[in-house]
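For reference, the structure is listed below as structure tokens.
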There are 2 protein chains.
Amino acid sequence: MSLSIGGLAKQAGVAIDTVRYYERNGLLAPAGRLASGYRRYGAEELKRLRFIRRAKVLGFTLDDIRSLLALSAERDVARVRAAAQRKLGDIELRITELERIHSGLRTLIDACPGHGRSDACPILNALSQEQDA
Amino acid sequence: MSLSIGGLAKQAGVAIDTVRYYERNGLLAPAGRLASGYRRYGAEELKRLRFIRRAKVLGFTLDDIRSLLALSAERDVARVRAAAQRKLGDIELRITELERIHSGLRTLIDACPGHGRSDACPILNALSQEQDA
DNA sequence: CTTGACTCTGGACCCAGGTCCAGGGTGCAA
DNA sequence: TTGCACCCTGGACCTGGGTCCAGAGTCAAG
């Protein structure tokens with residue numbers, strides 16, 4: 001079984017341009033070529049492309065994924081796990097930050113009657129004036 | 001009291017280039033000028049710039065903020081509140097998404113002993129193989 | 001053999017939100 | 001008057017992750 005770039009992209013659920021972009025950026029090894037110059041792919045490349053797609057879903061950047069692929073090739077389980085843990089930490093940080101924003105906004109909205117004089121609107125006041133928070 | 005662009009930027013805690021960028025992009029009105037062409041600012045502009053900075057902290061995009069400023073000028077409290085509520089919804093969505101990612105990663109990490117054969121590493125397996133999740 | 005679908009390349013462009021630069025003019029203090 | 005900090009402009013550049021394009025070549029069905 002052998003795939004054209006279009007077939008590969010379809011199987012993996014990404015765009016053709018994305019496949020070439022990944023190749024250019026070292027996430028996929030340079031593909032084998034036909035005499036015509038057309039790229040050909042096998043099952044390995046499909047697996048790798050799907051790996052990339054899943055890792056992205058889990059919040060890894062392409063940079064992260066490059067490392068992950070290298071560690072995976074070296075079978076370095078400990079460092080794969082450590083990378084996942086770092087990513088988990090990042091995500092926790094982002095969640096915390098969003099929750100901070102969320103509660104700030106929630107407080108403001110709850111305090112705003114949604115009508116009446118605009119200088120009594122806590123949202124506008126919070127944005128306009130000096131404050132501690 | 002009157003401020004140069006540098007003074008304004010400093011008071012508001014943003015970069016000079018950012019002030020000019022905001023002016024170019026309609027978040028700040030075109031500044032008054034001295035005969036030399038130097039921009040001059042008053043207290044109003046400082047308030048407005050701080051408004052922008054705070055709104056950004058609360059997760060509003062510059063586009064959002066442009067609307068917010070317009071609504072604020074029109075004293076349209078109801079629509080300000082509605083905009084804040086939409087933004088709250090966005091943020092909730094982002095939190096939910098991150099939590100989904102978080103729990104996926106957490107499960108994988110917890111299942112991974114961090115040593116041993118790489119083909120027994122749940123993280124690599126999850127990324128490499130077909131799966132439901 | 002023709003036709004339409006596919007692929008090749010390098011490079012430009014997109015989003016947001018700035019940031020930096022060169023080459024010039026200005027303001028003010030010693 | 002010199003010197004330094006500040007300001008002006010238009011336009012290029014940055015990050016991340018692609019997406020789109022023109023112009024040319026190729027593949028496969030009918």
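Everything numeric in this text was worked out from a predicted model, so none of it was measured. Chain A is the first sequence line, chain B the second, and so forth, proteins listed ahead of strands; every chain is numbered from 1.
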| remark: Rounded to whole Å, the CD1-C1' distance (A/I5 to C/dT9) equals 12 Å
| Side-chain (A/R53) to main-chain (A/A12) donor-acceptor, under 3.5 angstrom | yes
| field | CZ/B/R33: more than 12 non-hydrogen atoms of other groups inside 6.0 Å | value | yes
| message | Between P on C/dA16 and CG on B/L27, what's the gap in Å once rounded to a whole number? | response | 13 Å
| Looking at DNA chain C, which of residues 85-100 of chain B put a heavy atom within less than 4.0 Å of it? | none
| query | Is there a path of hydrophobic side-chain contacts, each under 4.5 Å between heavy atoms of I, L, V, M, F, W or Y residues, that connects A/Y38 with A/L28? | reply | no
| field | Interface residues of residues 13-24 of chain A with DNA chain C (non-hydrogen, below 4.0 angstrom) | value | A/I16, A/R20
| query | Under 4.0 Å between a side-chain N/O of A/R39 and OP1 or OP2 of C/dC8, yes or no? | reply | yes
| task | Dump the intermediate steps for salt bridge (charged side-chain N to carboxylate O under 4.0 Å, His left out) on A/R20 and A/E23, then the final yes or no. | result | CA-CA 5 Å; A/R20 285 195 281 245; A/E23 179 176 324; over 6 Å; no
| said: Distance check needed: D/dC7 P versus B/L3 CG, whole Å only. | reply: 10 Å
| query | For A/Q11, does its backbone N or O pair with a side-chain atom of A/R50 as donor and acceptor, under 3.5 Å? | reply | yes
| query | Can you check the A/L34 CG to D/dT26 C1' distance for me, whole Å? | reply | 10 Å
| field | Distance, rounded to the nearest Å, where A/Y38 contributes OH and D/dG25 contributes C1' | value | 6 Å
| task | Quickly work out the B/R33 CZ to D/dC6 C1' distance and round it to whole Å. | result | 15 Å
| request: Respond yes when some side-chain nitrogen or oxygen of B/K56 is under 4.0 Å from OP1 or OP2 of C/dA16, and no when none is. | output: no
| field | Exercise: do B/S128 and B/N125 side chains pair donor with acceptor under 3.5 Å | value | no
| request: Starting from the C-alpha separation in whole Å, work towards a yes-or-no answer on side-chain contact (heavy atoms from CB on, under 4.5 Å) for B/N25 and B/L62. | output: CA-CA 9 Å; B/N25 289 279; B/L62 297 189; over 6 Å; no
| When you check the phosphate oxygens OP1 and OP2 of D/dC7, does a side-chain N or O of B/S4 lie under 4.0 Å from one of them? | yes
| task | Working to the nearest 0.5 Å, report the span between SG of B/C112 and CG of B/L124. | result | 7.5 Å
| Is the phosphate of C/dG25, meaning OP1 or OP2, less than 4.0 Å from a side-chain N or O of B/S36? | no
| request: Calculate the interatomic distance between A/I52 atom CD1 and D/dG17 atom C1'; express it in whole Å. | output: 13 Å
Between the protein and nucleotides 28-30 of chain D, list every N/O to N/O distance that falls short of 3.5 Å.
none

| Once you round to the nearest 0.5 Å, how far does CZ of A/F60 lie from CZ of A/R86? | 9.0 Å
| message | If you apply the rule side-chain contact (heavy atoms from CB on, under 4.5 Å), what do you find for A/R48 with A/L69, and how did you get there? | response | CA-CA 8 Å; A/R48 193 171 172 106; A/L69 285 165; 3.8 Å; yes
| field | Whole-Å gap separating P (D/dG17) and CZ (A/R53) | value | 16 Å
| task | Decide, yes or no, whether a salt bridge links A/D90 with A/R94 under the criterion of side-chain N to carboxylate O below 4.0 Å. | result | no
| message | Just verifying a value: how many Å separate A/R66 CZ and A/T61 OG1, rounded to the nearest 0.5 Å? | response | 8.0 Å
